[in-house]
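First up is the structure itself, then whatever we jot down about it.
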Amino acid sequence: MKTNMNRFPVRLSVAAVHSAMVAMAMVSAAQAQDATVEELTQPRSTVEIGAMYVNPTNNENRNNVVPNSNGSNTSYKFGEYNGLQKQGTTAILNFDLRGGGSYDSEDATRYHITGTDLGLETRNLSADFGKQGSYRINLGYDELLRNRSDTYQTPYLGEGGNSFLLPSNWVKPIVPQASGTATTNTSTSTNLRGLDPTAGTANALVNGVVVPPTAATLNKLAGNRAADLADFRNVNLYTKRSATSAGASIEIDNQWNIKASIKRENKTGYKPLSVVTSQVSEYAVTLADPINQTTDQYNVSLNYRGAKSFFSAEYYGSLFVNDVKSVTWNDISDPTKTGTIAGAPSNQFHQINLTGGYTISPATKFVWNASTARNTQDEAFVTAGQNAQFPLGLPGTSLQGVVVTTGFNAKLTSKATQSLGLTANFKYENRDNQTPINTYYFQDANETKSGVNAWLAGQGSNLNMYANRAYSKKLSQLNLDADYKVNRDNALKFGYDAQQIDRSCNGSWINCADAPTTKENTLRAQWRSKLTDDLDARLGYARSARTVNYDENAFLALTPYANVIPTLGAGVGATQSAYTFLMANGLTGFGPLAGLPSTALTGNAAIYSPNNNILPQALYGSRNNINELIGMRRFNMADRNRDKLRTSLNWQATDAFSLTASYDYDKDNYQNSLYGLQGSQGRTLNVEGAYDVSENFGTSVFYSNEDKTSTSAGDAYGSNAPLTATNVYVGNAGNTNISPSVCYGTIAGKVRDAKTDPCLNWSNQMHDKVDTLGWTLKQKGLLSGKLDLSTTLVWSRARTDIDVTGGSYIANPLASITAVVQPGGIANYYIAASAFPTITTDTTELRITGRYALDKKSAVRLSYGYSMTKAVDWSYDGYQFGTGTNFMPTNEQAPNYTVQNLGVAYTFSF
């Protein structure tokens, strides 16, 4: 009875609970719907305020002599782009403000103001205000700081300006025992190894004699180091870009509108600039080159959109101004002398664009674009400098550079049938360089006139006589595509591309382009398939062939005097110009591909290819060997076959689990390049798996592998010569052997065939491999639905190996001692090349973020980050004290750091 009596209350309570649950569900659904409607019709504004603490627990490895003036608790490379390079606290300030008339009112005005990273030098501000269907105004400001290095060091003073001076106490670095005599230990030759207490005080081998430093030498070296090392100090190398922009658009009616915008970008900072002061040993330094540039960009367009067509007329202008016109620096060997180099010249670019389109039918559309542009550069030459002493001087006060570019693009697309889509695209571009070509006469910095010029009486043979090259280029390109749907689950796509590029120089006396004409044809095919309801696949392949008419004499365009018969100096007796001689004998500037002639050459051959060697510099007006190796091809203008393979698989195993994989393969074969880049190949593998257990919990893992290899070749050729006493060692005729005798057993064979010695050919293979593994995790709704967590962990390992074949000869240092004949009579050793040490970079990145909702309008966000990078790079060894004789060390270090950061911020929505 009690059971029966209680049955009704139980049922009633169950019904009440069910009713309550239904009611709550209805309320929750209504609230959710209201929230959704509110989000769509009344967007919320948010403000986030907080702080982040950055702690570099292991700063970059600095083993240099001079400590970092910025303190040890920095990690410049970690903050390369994020602005978090310093230890300490930075502000977190972000906001997103939205407003205007409500969506159910007649007020159509809206505004949107955002700010991100306002506490850092990566800040961004934007504001947008407008009235729908009437007008819109936007303003913007953003910054980007790129930290390159804070371990660069220099003794030069004057950063902030463009004149770099050595301190008044600077002492020319020397190593007396290396270039002095065994008895006096004196030296006048600059040797920057003297800055290092180990390399500078080591024994030296001079003319076969071991010369140790004396006590006086050691004292002098110590005094020099005390003076010079104190002058080295840190200068941060960085680029800071700040941009301000404004724009507006006006709707004239439903079809026409006008848009206009302006943007000013400023760049400041310092970048490394390596320069050479021309002396006997060409001493080099790396300066903290100042950056102070402004670029103004303007856009104005009139736009029309109709039912079946559209049209746009646009003006674009870019005005670049470089306030650093030149940089001047003291010569480290002789501070009374200076060198000067010009900065990037200011220039202007103006362009008119016309774009239109027309819907021919529902299945066929045509779109076109035409443009014309004018680029001018009329920056005054920095100075005539010491060239003022030459009556020839400069040909003008500026380059008077003008480049006019015109272009046209047209694209036709058609849905021929329900299964077949066709596309045809044509592109034409003509870059017409109208810059006048002149001959420039100049002396290398700090050099005095010497020798006799082959053409100009009263001038030295060391006078540079160069013409500029005004490159022009015409490009024609056709792309055809056909996309065919075989059935519901399979589709095929075929394509053909044809491209031709013609290069020339207006006004040049001879062809100036390594490849006057380049033609490339490409065939493409792709298959897409839905293999099952859960599995999609894609397979694509492209094959292209580029053919080039390469001209190994194009370098002569730089030297117009190669087309003039020399009458003075080394050219006396010539009856042809250098160019005529080369053409008549089927040669290039490299000369005959042969060793020493068996009988002495006579006439023009003896003048232009002495001993079958390369064309002498003085006989084409150049101070550099600018001739091409026979078989040398620049990779961007060389015959090339290219293969590309693209594959992908997408598997949706369940509603919760998906797997994506892709594999790409590329291969370039420069089949006619004996020297230069000969080939490259690379593969990329990407795999990602995602598992979304629920709407609130999910995780994913991804892995990528990139593997790329390239092969290059070259020749360290010498000059053929007959065997003379200077080829061996005076008084040591017995020291004539080479060990090991890979190509030649004696000095006689080596010097006779120095130009064609196969042992001087070299090649290198560069192998880059990068592995990346990552994991992400998201969890929402913890702690009664108030806490959301996300975690990202990424690890990567990069490796670069450079293997080298070939070798070089080195003189036996003891063979020059006249009283000694070495065992085996070895004059030269042949040392085979060896692989470079492996370059490694290991990185680990961990990010954990949590958001805890205090209520519907406010939340607290916590974040933790851990970053570690460890790099081992042999190239940085060359920046250190004691590693070179004629270049200034900068002591830069490879980036190695461990950094942690912790942030907390309060977010309020309204």
Side-chain angles (χ1 to χ4, degrees), residues 108-112 114 126-142 243-265 295-320 347-376 402-415 421-432 473-481 483 497 499:
T109 58
R110 304 285 187 274
Y111 70 81
H112 185 195
T114 61
S126 66
D128 188 296
F129 177 80
K131 184 176 182 180
Q132 289 183 348
S134 181
Y135 64 88
R136 182 168 297 279
I137 300 172
N138 55 75
L139 302 172
Y141 175 81
D142 68 88
T244 305
S245 61
S249 64
I250 299 175
E251 302 294 329
I252 301 174
D253 55 31
N254 292 334
Q255 295 180 317
W256 293 88
N257 68 58
I258 298 175
K259 294 182 179 180
S261 66
I262 182 173
K263 181 178 181 180
R264 165 163 286 194
E265 180 178 278
T295 303
D296 291 321
Q297 299 180 72
Y298 305 91
N299 268 293
V300 179
S301 65
L302 174 65
N303 309 286
Y304 166 82
R305 181 170 294 276
K308 299 180 65 176
S309 62
F310 71 90
F311 173 79
S312 176
E314 178 191 22
Y315 163 76
Y316 169 76
S318 175
L319 279 64
F320 170 78
N347 58 78
Q348 295 187 16
F349 180 82
H350 302 275
Q351 184 178 52
I352 299 294
N353 286 300
L354 300 176
T355 304
Y358 183 72
T359 302
I360 300 173
S361 70
T364 305
K365 296 180 181 179
F366 178 70
V367 177
W368 60 272
N369 169 264
S371 65
T372 181
R374 182 179 177 86
N375 192 183
T376 58
V402 178
V403 177
V404 177
T405 303
T406 55
F408 178 77
N409 296 305
K411 184 176 183 179
L412 180 67
T413 59
S414 178
K415 189 74 171 175
L422 301 174
T423 302
N425 186 82
F426 175 75
K427 178 180 180 181
Y428 172 79
E429 183 179 290
N430 182 11
R431 183 183 186 273
D432 182 15
K473 182 178 74 171
K474 290 182 181 180
L475 179 145
S476 299
Q477 183 172 301
L478 176 66
N479 307 101
L480 301 175
D481 286 283
D483 201 332
D497 304 329
Q499 182 190 81

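We're numbering straight along the sequence, starting at 1.
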Can you name the closest pair of heavy atoms from A243 and K263 and give their distance? CB-CE, 3.6 Å
For the CD atom of E429 and the OG atom of S476, what is their distance to the nearest 0.5 Å? 10.0 Å
Tell me whether I360 at atom CD1 has more than 12 heavy atoms from other residues, nucleotides or ligands lying less than 6.0 Å away. yes
Does the side chain to side chain contact (heavy atoms under 4.5 Å, CB included) test come out yes or no for V403 and F349, once each step is laid out? CA-CA 9 Å; V403 177; F349 180 82; over 6 Å; no
Using side-chain heavy atoms (C-beta onward) and a distance below 4.5 Å, is Q477 in contact with D497? no
My understanding is that only one of N369, N425, N479 makes a side chain to side chain contact (heavy atoms under 4.5 Å, CB included) with K411; could you say which? N425
Side-chain donor/acceptor pairs under 3.5 Å, residues 295-302, sequence neighbours excluded:
unit_1	atom_1	unit_2	atom_2	d
D296	OD1	R264	NE	2.6
D296	OD1	R264	NH2	3.4
D296	OD2	R264	NH2	2.8
Q297	OE1	Y316	OH	2.8
S301	OG	N303	ND2	3.2

Could you tell me the separation between the OG1 atom of T406 and the CD atom of Q351, rounded to the nearest 0.5 Å? 11.0 Å
Distance from N375 atom CG to D432 atom CG, nearest 0.5 Å? 12.5 Å
Roughly how far, to the nearest 0.5 Å, is CD of E251 from OH of Y135? 12.5 Å
Out of curiosity, Q255 CD to Y304 OH, how far, rounded to the nearest 0.5 Å? 4.0 Å
Can you label the angle between the W368 ring and the F408 ring as parallel, tilted or perpendicular, going by 30° and 60°? parallel
Distance check, rounded to the nearest 0.5 Å: N430 atom CG versus K473 atom NZ? 10.5 Å
For K474, does the NZ atom sit with more than 12 other heavy atoms under 6.0 Å from it, leaving out its own atoms? no
4.5 Å side-chain heavy-atom contact, F426 and L412: no
Does atom CG (D253) have a neighbourhood of more than 12 heavy atoms from anything else shown, all under 6.0 Å? yes
Check residues 126-134 and write down every donor-acceptor pair under 3.5 Å in which the side-chain atom is one partner and the other belongs to a residue at least two apart or another chain.
unit_1	atom_1	unit_2	atom_2	d
S126	OG	T114	OG1	2.6
D128	OD1	R136	NH1	2.4

